[in-house]
Amino acid sequence: MPEADEVDEEEEMPLSLRLSIADTLTLGNATCGFMAVYFTTTGILIPHLTGSQESGMARHSAATAVILMLCAAVFDLFDGLVARKLRSSPMGAELDNLSDLISFGLAPAYFVLVYGMVADDAHQRVAALGAIVVLLAVVLRLARFSCVTVKDGVFQGMPSPFGALTVVSIVLLELPFVATLLAIVGTAWLMVSRVEYPKPRGRLAGAMLSWIVLSMGLLAAWAFDAPSGQLLLQTGCALQLVMGAVIPLFATARRVNNFRDNRREARATQLP
């Protein structure tokens with residue numbers, strides 16, 4: 001019977017082709033990244049190319065694109081937690097890397113590229129080089145993450161979701177073009193560096209989720225032209241940059257203190 005054959009085929013489906021709950025969240029991550037590119041194109045780039053003067057639409061679309069990247073970061077945060085609590089399919093790690101490449105590589109790089117085309121003081125070709133640097137940094141980071149084993153509880157280099165949000169924060173700050181480009185390149189360097197960043201677990205995961213929700217609120221206030229919305233957004237973007245710079249300083253200080261403590265213990269054991 002045909003129906004019986006179909007049932008047998010489903011039962012014999014290899015585990016590598018079955019999606020888990022964590023994999024579904026990962027696919028949500030990829031979807032958000034793609035939609036961020038869509039809103040950046042239809043709401044910012046196309047109105048600029050067609051000479052539209054509807055700046056409000058561009059503001060709404062920019063906020064929507066960044067909120068979608070934030071949603072992708074939420075999916076990325078929870079798919080790891082769900083995978084540890086429940087189960088993950090054998091292709092979960094590959095799906096995660098591919099989704100991160102879309103949401104935290106392509107989407108922010110495209111955001112930088114469009115910024116270079118629509119901003120008054122920007123240089124399109126130089127901005128395109130900055131966008132390529134961001135994309136390649138994420139590609140190299142994800143490839144290294146799959147090959148290199150680091151100690152538990154830390155990332156080597158700025159995590160790609162944090163890096164993507166830092167890049168778009170730099171753009172939204174509307175700094176002079178040279179300062180914007182240097183900050184973007186610096187963020188890309190941090191992503192491929194050996195600087196250690198703590199993994200978002202426990203209280204840190206809760207703090208990160210709270211920060212993402214707060215950022216969404218700031219973007220919504222800016223998009224709908226709320227009182228002091230511009231100031232609130234710039235404050236949030238500045239805090240994102242400060243965290244990106246301060247976290248590795250704390251990590252470096254902790255490594256130096258651990259090294260000193262180990263040396264003291266070693267000297268104490270050598271004394272008679």
Side-chain angles (χ1 to χ4, degrees), residues 13-38 40 65-113 130-168 184-185 187-201 204-205 208-209 212 244 247-248:
M13 182 184 296
L15 289 176
S16 60
L17 297 180
R18 298 178 185 175
L19 293 176
S20 65
I21 298 176
D23 295 335
T24 304
L25 295 174
T26 303
L27 293 178
N29 171 6
T31 302
C32 289
F34 174 77
M35 292 306 296
V37 173
Y38 169 79
T40 303
V66 179
I67 287 175
L68 284 166
M69 294 184 211
L70 290 167
C71 290
V74 173
F75 279 118
D76 185 64
L77 176 64
F78 278 101
D79 67 0
L81 297 175
V82 172
R84 286 191 291 270
K85 293 294 183 180
L86 301 177
R87 70 175 183 87
S88 177
S89 69
M91 60 181 178
E94 300 300 328
L95 283 176
D96 189 61
N97 278 345
L98 292 173
S99 298
D100 287 353
L101 179 59
I102 297 172
S103 299
F104 312 124
L106 175 62
Y110 186 70
F111 199 80
V112 172
L113 179 65
I132 292 173
V133 169
V134 172
L135 180 62
L136 294 182
V138 175
V139 170
L140 292 173
R141 169 173 174 72
L142 293 175
R144 186 180 67 182
F145 180 76
S146 301
C147 302
V148 177
T149 302
V150 297
K151 61 183 181 180
D152 188 42
V154 297
F155 288 115
Q156 190 178 79
M158 179 183 286
S160 52
F162 197 89
L165 298 180
T166 304
V167 167
V168 297
I184 288 173
V185 173
T187 303
W189 176 81
L190 282 175
M191 284 193 280
V192 297
S193 69
R194 298 182 181 275
V195 177
E196 293 182 352
Y197 282 77
K199 289 186 176 180
R201 296 177 179 175
L204 185 58
M208 181 178 177
L209 182 60
I212 291 175
I247 290 176

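Quick caveat, the model's predicted, so the values are computed rather than measured. Count residues from 1 along the sequence.
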Quiz item: Got a second to check how far Leu190's CG is from Thr166's OG1, nearest 0.5 Å?
Solution: 8.5 Å
Exercise. For residues Phe104 and Pro161, report the shortest heavy-atom separation together with the two atoms involved.
Key: CE1-CG, 3.6 Å
Quiz prompt | Gap between atom CG of Leu101 and atom CG of Asp96 - 0.5 Å precision | solution = 11.5 Å
Quiz item: Within the distance-only criterion (no hydrogens, no angle test), does the side chain of Arg141 pair as donor or acceptor with the backbone N or O of Gln156 below 3.5 angstrom?
Solution: yes
Quiz item: Between the main-chain N or O of Asn29 and the side-chain N or O of Ser103, is there a donor-acceptor pair closer than 3.5 Å?
Solution: yes
Quiz item: Hey, what do you get for CD1 (Ile212) to SG (Cys71), rounding to the nearest 0.5 Å?
Solution: 9.0 Å
Quiz item: Atom CD of Glu94 and atom CG of Leu142: how far apart are they, to the nearest 0.5 Å?
Solution: 10.5 Å
Self-check item: Gap separating the OG1 atom of Thr40 from the CG atom of Leu68, nearest 0.5 angstrom
Solution: 8.5 Å
Quiz item: If every non-hydrogen atom of Leu135 is compared with every non-hydrogen atom of Leu106, which pair is closest and at what distance?
Solution: CD1-N, 3.8 Å
Self-check item: Closest approach of Phe111 to Ala65 (non-hydrogen atoms, all atoms of both residues)
Solution: CE1-CB, 4.5 Å
Quiz prompt | Nearest-0.5 Å distance, CE of residue Met69 to CG of residue Asp76 | solution = 14.5 Å
Quiz item: Any donor and acceptor pair, going by atom type alone, linking the side chain of Tyr110 with main-chain N or O of Tyr38 inside 3.5 Å?
Solution: no
Quiz item: Step by step, would you call Val138 with Met191 a side chain to side chain contact (heavy atoms under 4.5 Å, CB included)?
Solution: CA-CA 7 Å; Val138 175; Met191 284 193 280; 3.9 Å; yes
